[in-house]
Structure formats: C-alpha cells, structure tokens
Amino acid sequence: MFRTCRKMFLFVFLMVTLMAAPGALLAQEAPKPQLISITVTRVKPEMLQEWQDLIKNELNPALQKAGVPFRSVYATAVFGDSYEYVSISPITNFAQYDKPSPLVTAMGQEGLTRYGHKIRKCVDGSYTYAVRLRPDLSIMTEMTGPPKFAVISHVRVVPGKNSEFENFLKTDIVANYKKLNLPGYFVEQTIFGGDANSYTTITVVNSFSDLDKGPLLNQAVGEEGAQKILQRGGAFITSLERYFSRFVPELSFAAAAPAK
C-alpha cells in the first residue's frame, strides 16, 4: 500500500517539489538539474521529533559537507497522511551511483552505520525513485525560492499512449494554463523506481485560498470547455492521484547563491 499508493511527487515537490518544480527550487545561477531523486518517507508518529532532529542535525549537514547542492522537503498540507514527507535532491548523472554515497564521504562508514541505525527506528517505510524534468511540457517560470505550496498530481498513462498524452499536455493543458499567469507548472516523467508510464505534474500555489478559485481549466476555458478537454484526456489516462503539499524549510537546504 505504501509503495503503490503513496509515491507522489511527486511528489516531493514538493513538492514539488514540490516537489517540485525541483528544477526551479534554488535561487542560484547554476544550471537546473534535469534528473531528480525523490524519496517518500512515512515517519512513525511517536518518532516524528527524533526523525526531524536527525534530518536537521545529522543528515543535512553531512550532505552539505559532501557537496550536495540542495535537498528540499515537502509534507502533506492537511489533506492526506500527516506523517508522510517527500525529499527532493538532484541527480548529476547516474554514474554518481557507481561511487560511494555522499554520506560515506561526510560521515565515514562507521558514522553512516550509526546514523542508519537511528533513522531506521523512526520510519515505517521509505521509497526512492528517479524522475526526469520535462521543460518541454512545463511552464518554466523564474522563481527566487521553493514554492510555499504545491498541488501534485500523479498521472498513469495507458501503455503505448505516452506520445498522445504528451501532445495533450502541450496543446490542451499547457497552452491554456499559460493564459492564467501561473506561478509555475512543472511536469516530471518517472524513469526508475516506478511505473514507466507515469508522470507527475506540480502546480505552484501561493495559498489555500487559491484553491477556492476552482479548477485551472475552468478558469482558463470555462466549465464546458474544460469538460471537453478532460474527455479527450480520458482516452489515454488510466488514473489520477492528487495531493496538496507544503514546503518544510527547517528540514531543507540549498547552496548559497554565488557572490557577484
């Protein structure tokens, strides 16, 4: 259940990411990463404070010491599992996994073993997968930091219908969303660790009150137009899971912007 039903994103974003938006999570002038590692963790309720302390005081400092450029953490915002967290980090390339873990570099093998023993007591399960950011399917806005909130949608596509789905995103979704001047809309495609026919979309949201405006398609083309678009999409979408996530700054870090 944990593995099959709760692997967001995606869904980190934040989300987003959220999530997300992972390629736009940093206020720095470095190239945006195209490959992202996302880990979904279910924390034991009674161990939440200890888990958070380990992340803040041991994990994040070690990753920073090892040169990891950022780690962004998102949590469920009201609707969903209150003890589920999504962490997002960049993948430079897959060859990095042929090398020792950054944690070995920073902590040493004995230190990592001690840390692993402590962190495992705090969690019910953890699942990691790799996704590719798809700028060609996204609205790549400039951001000065991670989004406060993100609506994260995990979409599964009929096998063999990926091209049709991507064309649907470009012509029916992104084209209409551009009318709304959104803070950001990002699409990621699962590469490893999950369904190869799955995508995650991350819509940046400034506040809960944004949700009261109604579905984005309704805002862009009206309710009747939106229904027609959704009917077309139904021909190659098998399921849709939607989450609302918040950025957790105290569990996250980003490299400092270069001096000018």
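What's counted below: heavy atoms across the whole structure, side chains too, no hydrogens, waters or symmetry copies. For the single chain, residues carry numbers from 1 onward in sequence order.
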Applying side chain to side chain contact (heavy atoms under 4.5 Å, CB included) to N197 and F165, what does each step give before you reach the verdict? CA-CA 10 Å; N197 297 296; F165 172 71; over 6 Å; no
Walk me through it: do N167 and K170 pass the test side chain to side chain donor-acceptor pair (under 3.5 Å)? CA-CA 5 Å; N167 184 63; K170 290 178 182 179; over 6 Å; no
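Of the possible polar contacts, one joining the S138 side chain to the V187 backbone as a donor-acceptor pair under 3.5 Å is found. A donor-acceptor distance shorter than 3.5 angstrom exists from the side chain of T238 to the backbone of R156, with no hydrogens or angles considered. Using a distance-only test at 3.5 Å, with no hydrogens or angles considered, no donor-acceptor pair links the side chain of S89 to the main chain of S37. Formation of a donor-acceptor pair under 3.5 Å by the T39 side chain with backbone atoms of T128 is not found in this model. Here the side chain of N60 pairs no donor or acceptor atom with the backbone of K56 at under 3.5 angstrom. For the pair N162 (side chain) and V157 (backbone), a donor-acceptor distance under 3.5 Å is absent.
More than 12 non-hydrogen atoms from other residues, nucleotides or ligands lie less than 6.0 angstrom from CZ of R232. Within 6.0 Å of the OH atom in Y83, the count of heavy atoms belonging to other residues, nucleotides or ligands does not exceed 12. Counted within 6.0 Å of CG on N57, heavy atoms from surrounding residues, nucleotides or ligands total more than 12; the atom is thus considered enclosed. Enclosure of atom CD in E224 is not indicated, since only 12 or fewer non-hydrogen atoms of other residues, nucleotides or ligands lie within 6.0 angstrom.
Scanning both residues, S153 and R242, for their nearest heavy atoms gives OG-NE, 3.4 Å. Scanning both residues, Q96 and P90, for their nearest heavy atoms gives NE2-O, 4.3 Å. Among all heavy-atom pairs drawn from F168 and I229, the shortest one is CE1-O, 3.4 Å. The shortest heavy-atom contact between I237 and V158 is N-CG2, 4.3 Å. Taking all atoms of both residues into account, the shortest heavy-atom contact from L137 to Y185 is O-CE2, 3.9 Å.
Here the side chains of H154 and S198 are in contact, with some heavy-atom distance below 4.5 Å. Residues K44 and C122 are not in side-chain contact: their nearest non-hydrogen atoms beyond the backbone lie 4.5 Å or more apart.
For the atom pair OG (S87) and CD1 (I55), the distance works out to 7.5 Å, reported to the nearest 0.5 Å.
Cluster membership for L216 and L230, using ILVMFWY side-chain heavy atoms within less than 4.5 angstrom, is shared. Cluster annotation: M47 is not connected to V40 through the hydrophobic network of ILVMFWY side chains, with a link wherever side-chain heavy atoms come within less than 4.5 Å.
Using cut-offs of 30° and 60° for the angle between ring planes, the Y85 and W51 rings count as tilted. Using a 30° and 60° split on the angle between ring planes, F208 and F244 fall in the tilted class, from 30° to 60°.
Of the listed residues (E166, E188, R134), just one forms a side-chain hydrogen bond (donor to acceptor under 3.5 Å, both in side chains) with Y199, and that residue is E166.
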